Enquirer: 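Below are the structure tokens for one structure; questions will follow.
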Amino acid sequence: MTTPLVAFRDIHVTFAGRVHALAGIDLSIAEGEIVGLVGESGSGKTTLCKVLTAMVRATSGTIEVAGEPLAARIKRDRLGFRRSTQMLLQDAVASLSPRMRVRALIEEPLTIHGLNAAEGKARIEVLRQRLGLPAEALDKYPHQISGGQARRVAILRALILAPQLIVADEPTAGLDVSVQGELLNLLLDLHAEFALTYLIVSHNLAVVRRITQRTVVMYLGRIVEAAPTAALFAAPRHPYTAALLSTHPSVDPAKRRERIVLQGEIPSVIDRPSGCHFHTRCPHVQPRCRVDDPPLVTETSGRQVRCHFPLTAA
Ligand SMILES: Nc1ncnc2c1ncn2[C@@H]1O[C@H](COP(=O)(O)OP(=O)(O)OP(=O)(O)O)[C@@H](O)[C@H]1O
Ligand code: SF4
Ligand SMILES: [Mg+2]
């Protein structure tokens with residue numbers, strides 16, 4: 001087996017000594033893979049992204065990047081790591097300094113990383129055209145350009161450093177549907193062109209379905225299901241995935257699922273339910289689920305499911 005680009009093993013993150021935001025994440029991402037991360041608000045998606053980009057330190061567990069422990073990788077070559085792993089934030093405009101013109105914002109990473117200015121400028125021009133950013137946009141301030149253009153600027157700032165991995169937290173949130181579509185096409189084209197690996201967080205299941213190869217579903221800081229995207233959308237095995245996907249409009253009316261409304265509140269990560277952490281809301285709960293915490297099991301198909309009684313295709 002080839003070494004994955006990223007491997008999380010039993011990663012835990014606890015904030016303020018009691019907020020158990022990640023409670024044992026095991027996840028590998030292969031080079032070139034496009035992975036989607038979904039789950040309700042507070043399930044730990046952003047925390048996972050931040051651990052991966054070294055913005056948050058894991059409380060316990062190990063992370064390897066191309067076979068090397070993350071801490072060692074950073075110690076060996078901090079700037080190199082920062083270059084290779086780029087995070088695209090949800091609010092692209094807010095992530096750009098308001099007092100700098102777009103051109104300066106784009107050149108800034110080159111200066112920070114001590115890259116050749118002449119080469120950098122040539123690369124900016126190639127990428128600007130590739131991303132469909134008008135030349136005039138470079139002379140404007142972030143608040144003077146559109147939301148779609150601001151995302152393109154953020155992507156350009158990331159690509160200028162020739163990264164390996166792009167971690168995108170809600171890359172299309174707040175954009176018009178048509179702009180979303182353009183941006184997704186762009187991300188897909190860039191993936192192939194620049195041999196990128198993507199981890200994409202989105203509440204928009206249509207986005208995840210359209211561009212990811214594998215989907216990872218989180219609940220209360222743990223992975224409850226992970227499978228190739230087409231297989232997961234065709235037949236979810238975990239009851240939480242089924243409920244989540246039931247909110248997703250199916251294109252084929254014959255396959256339209258009945259909407260599964262989950263009962264009860266999302267439990268707190270400070271005070272987790274006993275047994276299966278989903279049992280307080282699961283429509284399929286059995287007595288065993290209240291006492292016995294199911295492990296994440298890898299099935300022969302490669303799908304991973306954390307449930308004592310996985311669903312079978314109807
Ligand atoms: N710096 C922090 N200090 C304390 N608690 C935090 C911190 N960051 C996140 N949390 C808590 O950790 C949990 C996971 O948060 P996280 O932001 O990772 O969720 P998320 O899945 O990204 O949610 P959303 O879909 O709303 O973006 C939440 O309970 C959140 O309140
Ligand atoms: S283990 Fe039980 S409670 Fe948990 S998801 Fe499966 S059926 Fe539901
Ligand atoms: Mg988030």
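If you read the sequence from its start, that first residue is 1, and numbering goes on from there. No experiment lies behind these values; they were computed from the predicted model shown. Any value given below was found using the heavy atoms of this structure, including those in side chains, with hydrogens, waters and symmetry copies removed. Indexing begins at 1, ligand by ligand and atom by atom, following the structure's order.
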Enquirer: How about CD on E193, more than 12 heavy atoms from neighbouring residues, nucleotides or ligands closer than 6.0 Å, or not?
Expert: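 Check passes, neighbour count above 12.
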
Enquirer: Assess G42 for proximity to ligand 1: is some non-hydrogen atom of it under 4.0 Å away?
Expert: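 Under 4.0 Å: yes for G42.
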
Enquirer: Backbone, side chain, both or neither: what part of Q286 comes under 4.0 angstrom of ligand 2, heavy atoms only?
Expert: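 For Q286, there is no contact with ligand 2 at all, from either part.
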
Enquirer: Need the ligand 2 atom indices (1-based, order shown) with element for anything under 4.0 Å from a heavy-atom of C289.
Expert: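 Atoms satisfying the 4.0 Å criterion: 1 (S), 2 (Fe), 3 (S), 7 (S).
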
Enquirer: Please work out whether the ring planes of H248 and F233 are parallel, tilted or perpendicular, with thresholds of 30° and 60°.
Expert: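 It falls in the perpendicular class, over 60°.
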
Enquirer: Just to confirm my output: which protein heavy-atom neighbour is closest to atom 29 (O) of ligand 1, and how far is it?
Expert: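 Closest protein heavy atom to atom 29 (O) of ligand 1: V269 CG2, 3.8 Å.
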
Enquirer: Could you name the option among E40, H20, R18, K45 that has the heavy atom nearest to atom 25 (O) of ligand 1?
Expert: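 Considering heavy atoms of E40, H20, R18, K45, the nearest to atom 25 (O) of ligand 1 sits in K45.
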
Enquirer: S43 heavy atoms, cut-off 4.0 Å: which ligand 1 atoms fall inside?
Expert: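 Checking each atom against S43, I get 19 (O), 21 (O).
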
Enquirer: Checking H279 side chain against S274 main chain: does a donor-acceptor pair fall under 3.5 Å?
Expert: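 At least one qualifying donor-acceptor pair exists.
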
Enquirer: What protein heavy atom sits nearest atom 4 (Fe) of ligand 2, and how far off is it?
Expert: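 Going atom by atom, the protein heavy atom closest to atom 4 (Fe) of ligand 2 ends up being C276 SG, 2.3 Å.
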
Enquirer: Between the candidates T46, D169, V51, which shows the shortest non-hydrogen contact distance to atom 17 (O) of ligand 1?
Expert: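 It is T46 that holds the nearest heavy atom.
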
Enquirer: Atoms of ligand 2 less than 4.0 Å from H238 heavy atoms?
Expert: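 With H238 as reference, the close atoms of ligand 2 come out as 5 (S).
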
Enquirer: What's the shortest distance from atom 24 (P) of ligand 1 to any protein heavy atom, and which residue and atom give it?
Expert: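 Going atom by atom, the protein heavy atom closest to atom 24 (P) of ligand 1 ends up being S41 OG, 3.5 Å.
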
Enquirer: Is it the case that atom CZ in R76 sees more than 12 heavy atoms from other parts of the structure closer than 6.0 Å?
Expert: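 More than 12 heavy atoms, drawn from other residues, nucleotides or ligands, come within 6.0 Å of this atom.
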
Enquirer: Give the residue and atom name of whichever protein heavy atom lies nearest to atom 1 (S) of ligand 2, and the separation in Å to one decimal.
Expert: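 For atom 1 (S) of ligand 2, the nearest protein heavy atom comes out as H308 N, 3.3 Å.
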
Enquirer: Indicate whether the side chain of T53 and that of T85 have a donor and an acceptor atom separated by less than 3.5 Å.
Expert: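 No.
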
Enquirer: Does any non-hydrogen side-chain atom of F278 lie less than 4.5 Å from one of V224?
Expert: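 Not touching, per the 4.5 Å side-chain cut-off.
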
Enquirer: For atom 11 (C) of ligand 1, which protein heavy atom lies nearest, and how many Å away is it?
Expert: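 Result: V19 CG1, 3.8 Å.
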
Enquirer: If you count the atoms of ligand 1 from 1 in the order shown, which ones are under 4.0 Å from a heavy atom of T47?
Expert: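 Going through ligand 1 atom by atom, the ones under 4.0 Å from T47 are 14 (C), 15 (O), 16 (P), 18 (O).
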
Enquirer: Please write down residue, atom name and distance for the protein heavy atom closest to atom 8 (N) of ligand 1.
Expert: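 Heavy-atom neighbour on the protein nearest atom 8 (N) of ligand 1: F15 CE1, 3.4 Å.
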
Enquirer: Show which atoms of ligand 2 fall inside a sub-4.0 Å distance from at least one heavy-atom site of H279.
Expert: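 What qualifies from ligand 2 is 3 (S).
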
Enquirer: Of D293, V217, D26, which is the lone residue that meets side chain to side chain contact (heavy atoms under 4.5 Å, CB included) with R222?
Expert: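 The passing option is D293.
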
Enquirer: With sequence neighbours left out, which residue pairs that include part of residues 268-280 fulfil the salt bridge (Lys or Arg N to Asp or Glu O under 4.0 Å) condition?
Expert: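 Every pair satisfying salt bridge (Lys or Arg N to Asp or Glu O under 4.0 Å) with a residue in residues 268-280: there are none.
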
Enquirer: Let me check something: do I112 and L161 share a hydrophobic cluster, defined by ILVMFWY side-chain heavy atoms less than 4.5 Å apart, either directly or through other members?
Expert: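 Not linked; separate clusters.
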
Enquirer: Using a strict 4.0 Å cut-off to heavy atoms of H284, name the atoms of ligand 2 that fall inside it.
Expert: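 That gives atoms 7 (S) of ligand 2.
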
Enquirer: Would you say L48 and L89 are hydrophobically clustered, going by side-chain heavy atoms of ILVMFWY under 4.5 Å?
Expert: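 Same cluster.
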
Enquirer: Specify whether an N/O/S atom of S41 falls short of 2.8 Å from the Mg ion (ligand 3).
Expert: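 Of the N, O and S atoms in S41, none lies under 2.8 Å from the Mg ion (ligand 3), which means no.
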
Enquirer: Calculate, to the nearest 0.5 Å, the distance between atoms CD1 and CG belonging to I29 and L199 respectively.
Expert: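 Here the interatomic distance stands at 4.5 Å.
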
Enquirer: Is the shortest distance from atom 31 (O) of ligand 1 to a protein heavy atom below 4.0 Å?
Expert: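 It does not: no protein heavy atom is found less than 4.0 Å away from atom 31 (O) of ligand 1.
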
Enquirer: Please list, in number order, the atoms of ligand 2 under 4.0 Å from a heavy atom of F278.
Expert: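 Under 4.0 Å from F278, ligand 2 has these atoms: 5 (S).
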
Enquirer: Applying the side chain to side chain contact (heavy atoms under 4.5 Å, CB included) criterion to S202, which one of V38, V208, T212, I211 satisfies it?
Expert: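 Only match with S202 under side chain to side chain contact (heavy atoms under 4.5 Å, CB included): V208.
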
Enquirer: Give the residue and atom name of whichever protein heavy atom lies nearest to atom 12 (O) of ligand 1, and the separation in Å to one decimal.
Expert: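 Protein heavy atom with the smallest distance to atom 12 (O) of ligand 1: A21 CB, 3.3 Å.
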
Enquirer: So, C307 and atom 2 (Fe) of ligand 2: N/O/S under 2.8 Å, yes or no?
Expert: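 Under 2.8 Å: C307 has no N, O or S contact with atom 2 (Fe) of ligand 2.
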
Enquirer: Are M55 and L165 connected in the hydrophobic side-chain network, where two residues link if heavy atoms are under 4.5 Å apart?
Expert: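 Yes, one cluster joins them.
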
Enquirer: So does C282 have any N/O/S atom less than 2.8 Å away from atom 8 (Fe) of ligand 2?
Expert: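 Given the 2.8 Å cut-off, C282 counts as a ligand of atom 8 (Fe) of ligand 2.
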
Enquirer: Tell me whether the rings of H238 and Y240 are parallel (<30°), tilted (30 to 60°) or perpendicular (>60°).
Expert: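 Rings of H238 and Y240: perpendicular, over 60°.
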
Enquirer: Is ligand 1 less than 4.0 angstrom away from at least one heavy atom of H203?
Expert: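 A heavy atom of H203 does come that close to ligand 1.
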
